[in-house]
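This chain uses plain numbering: 1 for the first residue, then up along the sequence. Treat the numbers as computed from the prediction; the structure is a model and nothing was measured.
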Amino acid sequence: GTYTSTATIYQEGSNNSNEFQQEGSGHSLTTTSIGNGNSITGNSWSTSPVGGQYGADQSAALNQQGDDNSIALLQTGSSHSANVAQTGNNNIASLNQSGNGSAAATTQDGDGNQATVNQVGNDNELYFAQVGESNVLTADQTGNSNYIQGVSSGSDNVTDVDQSGNDNYAYVHQDYGTDNLAKVSQ
């Protein structure tokens, strides 16, 4: 049969940009940018971060509401899913998925939050919400069947999770505080 990739892009406002590349088959991309100066990047032809969907059956839903938010996404391998929701201003999310069957979902509700997620291997999962201002998430999953779930609410909180190997589980909750640090290495 024929495997068709689809891309649906909606932009409302001024100076929004969406540059995305799909190679392979069965990909699905849906993006929404409402506001001004937002960017979604997933390509290999500009000076922006290298990204896009490569391989087979990748899916991504990337949503921005506010001003000056940015999302960069790279999916290689097969059957990954990525969901990013940004509400507010000056939020940054970068997701890299390689291997097969990994899932990442991040929510940024507030201003100046940063999330960097790297998944290398198979069947890794990450679900994380940042609520407030200037919270930072760095998550690295290398191996198979690793799991991260968490919430960082407040301001200037830092979460750093590094999982290497298989079948690691991390739950991190920083609730309504300021300048908290959570560092997990498995």
Side-chain angles (χ1 to χ4, degrees), residues 5-23 27-54 58-76 80-97 102-119 125-139 148-161 172-180:
S5 294
T6 61
T8 304
I9 298 168
Y10 177 80
Q11 295 176 317
E12 181 181 314
S14 300
N15 298 313
N16 295 307
S17 69
N18 193 318
E19 300 177 15
F20 215 87
Q21 182 171 350
Q22 294 174 315
E23 291 184 10
H27 303 310
S28 171
L29 170 70
T30 303
T31 70
T32 302
S33 296
I34 299 173
N36 302 307
N38 295 304
S39 69
I40 295 175
T41 305
N43 67 65
S44 61
W45 64 81
S46 73
T47 57
S48 300
V50 173
Q53 292 176 316
Y54 305 90
Q58 317 289 13
S59 67
L62 312 175
N63 298 294
Q64 300 171 312
Q65 187 166 348
D67 297 331
D68 301 312
N69 297 299
S70 69
I71 299 172
L73 174 66
L74 172 62
Q75 295 175 313
T76 60
H80 298 301
S81 67
N83 292 285
V84 178
Q86 296 175 318
T87 303
N89 303 312
N90 299 300
N91 295 300
I92 299 170
S94 175
L95 281 72
N96 295 310
Q97 297 174 308
S102 291
T106 64
T107 301
Q108 297 174 313
D109 188 353
D111 299 331
N113 296 299
Q114 297 180 31
T116 303
V117 177
N118 294 299
Q119 295 176 311
E125 295 180 68
L126 175 134
Y127 308 96
F128 206 91
Q130 296 173 306
V131 181
E133 297 181 0
S134 302
N135 296 301
V136 177
L137 166 67
T138 303
I148 298 171
Q149 179 181 332
V151 175
S152 184
S153 61
S155 61
D156 299 301
N157 296 307
V158 175
T159 304
D160 186 347
V161 182
V172 179
H173 287 264
Q174 297 170 317
D175 294 323
Y176 304 106
T178 302
D179 296 317
N180 294 302

What are the two closest non-hydrogen atoms of [X] and [Y], and how far apart are they?
| X | Y | answer |
| --- | --- | --- |
| Gln119 | Ala103 | NE2-O, 3.0 Å |
| Gln130 | Asn135 | NE2-O, 3.3 Å |
| Gln86 | Ile71 | OE1-CG1, 3.3 Å |

Rounded to the nearest 0.5 Å, what's the gap from [atom1] on [X] to [atom2] on [Y]? Could you check?
| X | Y | atom1 | atom2 | result |
| --- | --- | --- | --- | --- |
| Gln11 | Ile40 | CD | CD1 | 7.5 Å |
| Thr87 | Asp109 | OG1 | CG | 5.0 Å |
| His80 | His27 | NE2 | NE2 | 10.5 Å |
| Gln21 | Leu73 | CD | CG | 12.5 Å |
| Gln58 | Glu23 | CD | CD | 12.0 Å |

**Study point:** Matching residue for Asn113 among Asn89, Asn90, Asn91, Thr107 - test: side-chain hydrogen bond (donor to acceptor under 3.5 Å, both in side chains)
**Key:** Asn91

Check your understanding: Hey, which of Asn38, Asn36, Thr32 is the one that makes side-chain hydrogen bond (donor to acceptor under 3.5 Å, both in side chains) with Asn16?
Key -> Asn38

Practice item. Using modelled atom types only, decide if a donor and an acceptor are shared between the side chain of Asn69 and the backbone of Gly88 within a distance under 3.5 Å. Key: yes

Exercise for review: Would you check if the side chain of Ser153 reaches a backbone N or O of Tyr176 as a donor-acceptor pair within less than 3.5 Å?
Suggested key: yes

Point to revise | Thr30 side chain near Tyr10 side chain, heavy-atom distance below 4.5 Å | key: no

Check your understanding: Are any non-hydrogen side-chain atoms of Leu29 and Phe20 less than 4.5 angstrom apart?
Key -> yes

